[in-house]
Structures are given as structure tokens and as C-alpha cells.
Amino acid sequence: MKLSELSTETGVSTASLKFYLRESLLAPGEPVTRTQSEYGTAHVERVRLIRALVESGGLSLAQVRRVIDALDSPTVPRHALLGVAQEALMDAERFDEDPEWTALAIAFVQQRGWRIEDGDILLPQLGAQLKALAETCDVGGRDTLERWADAAEIVAASDLDTLTEDDAQALRTAIVGTVLSDKVLQTLRRLAQQNRTAHLYEAALRADDAPGRGASDQ
């Protein structure tokens, strides 16, 4: 197919496709004349991947490049799959590391029995996030954090269950699945909050409307 047809097939403008080609995010097509090239299903899949990572995953083009580089790299040992995925997805978010809060984050994951490598950037990042929460709102303290960690363990187990025996496909699932499922989990959380609030509100209304509740009770 021509570049214009690739644009129609993927819903991405020809200008964006030319940019992907210039930036080597998309492999060149097969030359058929001096000014035209042919593109195939692999190009369609790559463009759809880039579009999903940017539009649904919210990644920058720099992050997309790291993801693509990881996907195009030689086979990665299975025990390192998620590590490679996390490295590729590491964002450029800036945070001020606080040694005290980093120590608290390290202590928390150690108490959970989580095996995390020393110096992992996620530890000071967690510390900074916990500090921001503590300084701006009350979310329930340690008990809430423990429940969040419980939920995270369930999600992590589900993530690993999705990995296939094919190393290349498993790496793709680990990286792309993490990007896109992060957004799904965020949306599900919002929906669950609405559902929970609705049930609690309805319960309160039923209690207010219960027989025998007089004006003196209100």
C-alpha cells in the first residue's frame, strides 16, 4: 500500500507518518520508484502501536522510542522482561528526592517482603509520592497504603499470568500491556469509586427514610 493508504488504514495523518519515518520510529517502506514506497502489514501494526502508546497510553515520543528500541532488541531473559519494560517506560517526571521519605518507602517494601533491587528509582519516587500525599491530604495513612499494596500484588500477579511462552510476544505484552492497562486500571478505579459512593449514599437515604424516625431524631 502507498503512504496515503497507510494513513487511511491506520487513521494517522500522512504528515505524522512522514515524521515517524524521519525519526526512525517507523521502518522505511519498500522502494518501488524514485519517489514512492510500498508499506505492508508490519507498518500498519507499528503505526497502530505508536498511536496507542501516544493517544491511549499518554507516552511522549521519547518514551515511545525507548519502547520501540526495547521491542526491537535481541531476546531478553524472561526473568528480566518486566525490568526491561519498566526501564523503557520510565518517564521523565521530576521529583525532589527526600532521603527520609525514601527510607520510609524502602522500609515499607521490605516489610512487605518485596524483593526490590537496591537503588531502584521507583523507591525514591514512591517516597516523594507518599510525602506529597501526607502534605496535602489525609488518605488514611499506613492502613490505606497496605490495602493499595494488596491490590497492587493482585494486579502484578495478573500481569505475569498474561505472559506467553514466546519471549518476543511476552516482552511486547509486558511493555505495551503495562502502558495501556495503567489507563484501564485508572478508569476502573474511578468507576469503582462512583459505584461505592452510590451504594453508600443509597444506604444513608434508606436509613433517613426508615419508619419511626421522627423530627426529634433529625
Side-chain angles (χ1 to χ4, degrees), residues 53 56-60 62-63 66-67 69-71 73 75-165 167 169-201 203:
L53 292 173
S56 298
L59 298 191
S60 67
Q63 289 174 296
R66 291 202 298 271
V67 168
D69 287 345
L71 293 176
S73 66
T75 301
V76 177
R78 292 192 67 82
H79 71 273
L81 283 176
L82 292 179
V84 171
Q86 290 181 359
E87 182 177 353
L89 298 176
M90 186 61 64
D91 57 35
E93 177 185 352
R94 302 299 181 190
F95 61 89
D96 293 326
E97 180 177 354
D98 185 308
E100 181 178 351
W101 283 91
T102 297
L104 289 173
I106 293 173
F108 176 77
V109 299
Q110 288 178 341
Q111 289 167 7
R112 294 284 304 190
W114 290 359
R115 297 172 58 183
I116 309 298
E117 292 186 7
D118 293 339
D120 193 304
I121 188 61
L122 293 175
L123 295 172
Q125 187 173 44
L126 175 60
Q129 291 164 345
L130 294 176
K131 179 182 180 181
L133 271 176
E135 291 178 344
T136 57
C137 60
D138 180 7
V139 294
R142 177 63 180 243
D143 289 344
T144 299
L145 185 58
E146 291 284 2
R147 294 173 71 182
W148 286 343
D150 290 341
E153 288 187 356
I154 294 173
V155 171
S158 298
D159 291 340
L160 289 171
D161 287 343
T162 66
L163 301 184
T164 66
E165 293 300 319
D167 287 343
Q169 183 59 42
L171 180 61
R172 182 185 179 92
T173 299
I175 296 178
V176 181
T178 296
V179 173
L180 300 183
S181 65
D182 275 352
K183 300 299 181 181
V184 173
L185 290 170
Q186 184 181 77
T187 301
L188 286 173
R189 181 186 188 184
R190 304 286 192 272
L191 292 171
Q193 288 173 341
Q194 290 187 37
N195 175 65
R196 182 70 174 170
T197 300
H199 281 290
L200 293 174
Y201 181 65

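Below, all heavy atoms of this structure are taken into account, side chains as well, without hydrogens, waters or symmetry copies.
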field: Over 12 foreign heavy atoms within 6.0 Å of CD, Glu117
entry: no
message: More than 12 heavy atoms of other residues, nucleotides or ligands under 6.0 Å from CZ of Arg142: yes or no?
response: yes
Counting C-beta onward and ignoring hydrogens, is there a side-chain heavy-atom pair between [X] and [Y] closer than 4.5 Å?
{"X": "Val184", "Y": "Leu180", "value": "no"}
{"X": "Ile116", "Y": "Leu122", "value": "no"}
{"X": "Thr144", "Y": "Trp148", "value": "yes"}
{"X": "Leu59", "Y": "Val67", "value": "yes"}
{"X": "Leu191", "Y": "Asn195", "value": "no"}

- request: Enter the distance from Lys183:NZ to Leu188:CG here, rounded to the nearest 0.5 Å.
  value: 13.5 Å
- prompt: How far does CG of Leu130 sit from OG1 of Thr102, to the nearest 0.5 angstrom?
  reply: 10.0 Å
message: List the residues meeting side-chain hydrogen bond (donor to acceptor under 3.5 Å, both in side chains) with Asp150, not counting sequence neighbours, and say none if there are none.
response: Arg112
- request: Not counting sequence neighbours, which residues clear side-chain hydrogen bond (donor to acceptor under 3.5 Å, both in side chains) with Asp98? List them please.
  value: Lys131
So which heavy atom on [X] is nearest to which on [Y], and how close?
{"X": "Gly127", "Y": "Ala105", "value": "N-CB, 3.8 Å"}
{"X": "Phe108", "Y": "Leu145", "value": "CZ-CG, 3.6 Å"}
{"X": "Glu97", "Y": "Pro124", "value": "CD-CB, 3.6 Å"}

message: Between Gln63 (side chain only) and Ser60 (backbone N and O only), is there a donor and an acceptor less than 3.5 Å apart?
response: yes
